[in-house]
Protein chains: 2
Amino acid sequence: MAGPHTLAETERTVARRLAGLPIDHQSMAVTSNLFRAANAVRNYMEREVLTPSDLTWTAFVVLWVTWIWGPAETRMIASEAGISKATLSGVLNTLQARGLVTRRKDEQDGRLVVVALTPAGLRLIKRLFPKINAAEQEACRTLSAADQERTADCLRRMVEVTGKEPAEP
Amino acid sequence: MAGPHTLAETERTVARRLAGLPIDHQSMAVTSNLFRAANAVRNYMEREVLTPSDLTWTAFVVLWVTWIWGPAETRMIASEAGISKATLSGVLNTLQARGLVTRRKDEQDGRLVVVALTPAGLRLIKRLFPKINAAEQEACRTLSAADQERTADCLRRMVEVTGKEPAEP
DNA sequence: CGAAACTCGTTCGGCCCCGCATGATTTTCC
DNA sequence: GGAAAATCATGCGGGGCCGAACGAGTTTCG
């Protein structure tokens, strides 16, 4: 990520290259570091925790959501995991083939499919989640408690603002 | 993203479900909102700015990096864009087919490939970037200047901590 | 009751994404 | 000068990712 340039160097060069244009540099700094950080943390967790268990980040998230939200319909899992239903279908095929989740038709409503963890899936997520949380702690190591609280809050507000709104009849 | 639950509701449920486990909730709140926010902002920009021009987020980033860092080698563009060289190869194929970038062998070093914007590519990025910056401003709308500064700084620190380090012989 | 409208999950086509292997090129170091 | 090591971009295979189209199932309402 850092590549041949440091973060500070990169940001300086961009600012110089954009001199003269009427650009809001502050919000640009927030969003570009948002993407950088999300990528860096995600890669860090895959590298340190997930790859040894042959899991992708998305597969882990789906496993986690299924654990937290109990047996649940696919539409709900997709929403909580932040992926589309189409993507979830593929991920579930993979997880099901590895014997980590099961699919079952709902008896009341035949359109619904209920996803649940298998015992093996439950064992895996219980073993992996503490390691992921340790990695989260590591990623936030240099942030004070106040920093963490404020950062989480600011990120929440950004989600609220950009969350889907394309609906104005 | 928000799906059937609000952000606050989701976080409360997770906390209740994880009660008893020795989990650091604060860093979990930071990272989970980090991924949520990155997804939400990215989708927002694709929806509002990029899709009308038939560009993906990654293709836009590659175009932007090529603009900022002038004609440059692929390895450098990949690093700045936060993607692998392999991914960049594919993206460049797409952009080249649409006549937005050119590839040219370096004359000094035959291994290198220099990527440059075509006039059409330059026109496109110049037209799109102000709209992206407006979207960035919108995403940060509810954050004070101090919030923005502090958030950007915290995100930078998270990048530093998790940035690739797998080198200890 | 029964047709129309709606909801749900899956498939499909196209792109992004990566690690790895490969071939081309340059540099290092006898 | 020439073999070995290093560097670079690309192709490939497997998977994630989405919108759109589809078929099966359910609800609405005349």
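To find a chain, count down the sequence lines: A is the first, B the second, and so on, and within it residues start at 1. Every heavy atom of this structure was used, including side-chain atoms; hydrogens, water molecules and symmetry mates were not.
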Practice task
Please report the C-alpha distance between A:His25 and A:Val14 in whole Å, then the side-chain angles of each, then the deciding distance to 0.1 Å, and finally whether the side-chain contact (heavy atoms from CB on, under 4.5 Å) criterion is met.
Solution key: CA-CA 10 Å; A:His25 289 269; A:Val14 171; 6.0 Å; no
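A distance of 5.0 Å separates CG in A:Asn133 from CD in A:Glu136, rounded to the nearest 0.5 Å.
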Show the atom names and distances, to 0.1 Å, of all donor-acceptor pairs under 3.5 Å that link a side chain in residues 56-70 of chain B to residues at least two apart or in another chain.
residue: B:Thr56; atom: OG1; partner: B:Ala59; partner atom: N; Å: 3.1
residue: B:Thr66; atom: OG1; partner: B:Val62; partner atom: O; Å: 2.7

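Non-hydrogen atoms lying under 4.0 Å from DNA chain C are contributed by B:Gln108, B:Asp109, B:Gly110, B:Arg111, all within residues 106-116 of chain B.
A straight line from CD of A:Glu46 to P of D:dG16 spans 11 Å, rounded to a whole angstrom. The separation between B:Leu95 atom CG and D:dT10 atom P is 13 Å, rounded to whole Å. What separates CD1 of A:Ile83 from P of D:dG16 is a distance of 9 Å, to the nearest Å. As rounded to whole Å, 11 Å separates atom P of D:dA9 from atom CE of B:Met76. Rounded to an integer number of Å, the gap from A:Phe60 CZ to D:dG16 P is 15 Å. Whole-Å rounding puts the A:Trp57 CH2 to D:dG16 C1' distance at 14 Å. Rounded to whole Å, atom P of D:dA9 lies 14 Å from atom CG of B:Asn93.
You'll find the side chain of A:Thr10 reaches within 4.5 Å of the side chain of B:Glu80, heavy atoms only. Between B:Leu112 and B:Met76 the shortest side-chain heavy-atom distance does not fall below 4.5 Å. Residues B:Thr142 and A:Glu160 are not in side-chain contact: their nearest non-hydrogen atoms beyond the backbone lie 4.5 Å or more apart. Contact check for B:Leu7 versus B:Asn33: side-chain heavy atoms found under the 4.5 Å cut-off.
Here B:Pro52 pairs with nothing under the side-chain contact (heavy atoms from CB on, under 4.5 Å) rule; sequence neighbours left out.
Listed by first then second residue, pairs satisfying side-chain hydrogen bond (donor to acceptor under 3.5 Å, both in side chains) with a partner in residues 116-130 of chain A read A:Ser53-A:Arg127, not counting sequence neighbours.
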Output one line per pair: protein atom, nucleotide atom from nucleotides 19-22 of chain D, and distance, for all N/O pairs under 3.5 Å.
none

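Nearest-nucleotide positions on DNA chain D for A:Gly90 and A:Lys105 put A:Gly90 closer to the 5' end.
Look at A:Thr56 and you'll find a side-chain N or O under 4.0 angstrom from OP1 or OP2 of D:dG16.
Taking every nucleotide of DNA chain C with any atom under 4.0 Å from a non-hydrogen atom of chain B, the first and last of them, 5' to 3', are C:dC16 to C:dT26.
Hydrophobic clustering keeps A:Ile77 apart from A:Val113 (ILVMFWY residues linked when any side-chain heavy atoms are closer than 4.5 Å, directly or through intermediates). Residue B:Val101 is not grouped with residue B:Val114 when hydrophobic side chains (ILVMFWY) are merged at heavy-atom distances under 4.5 angstrom, including chains of intermediate members.
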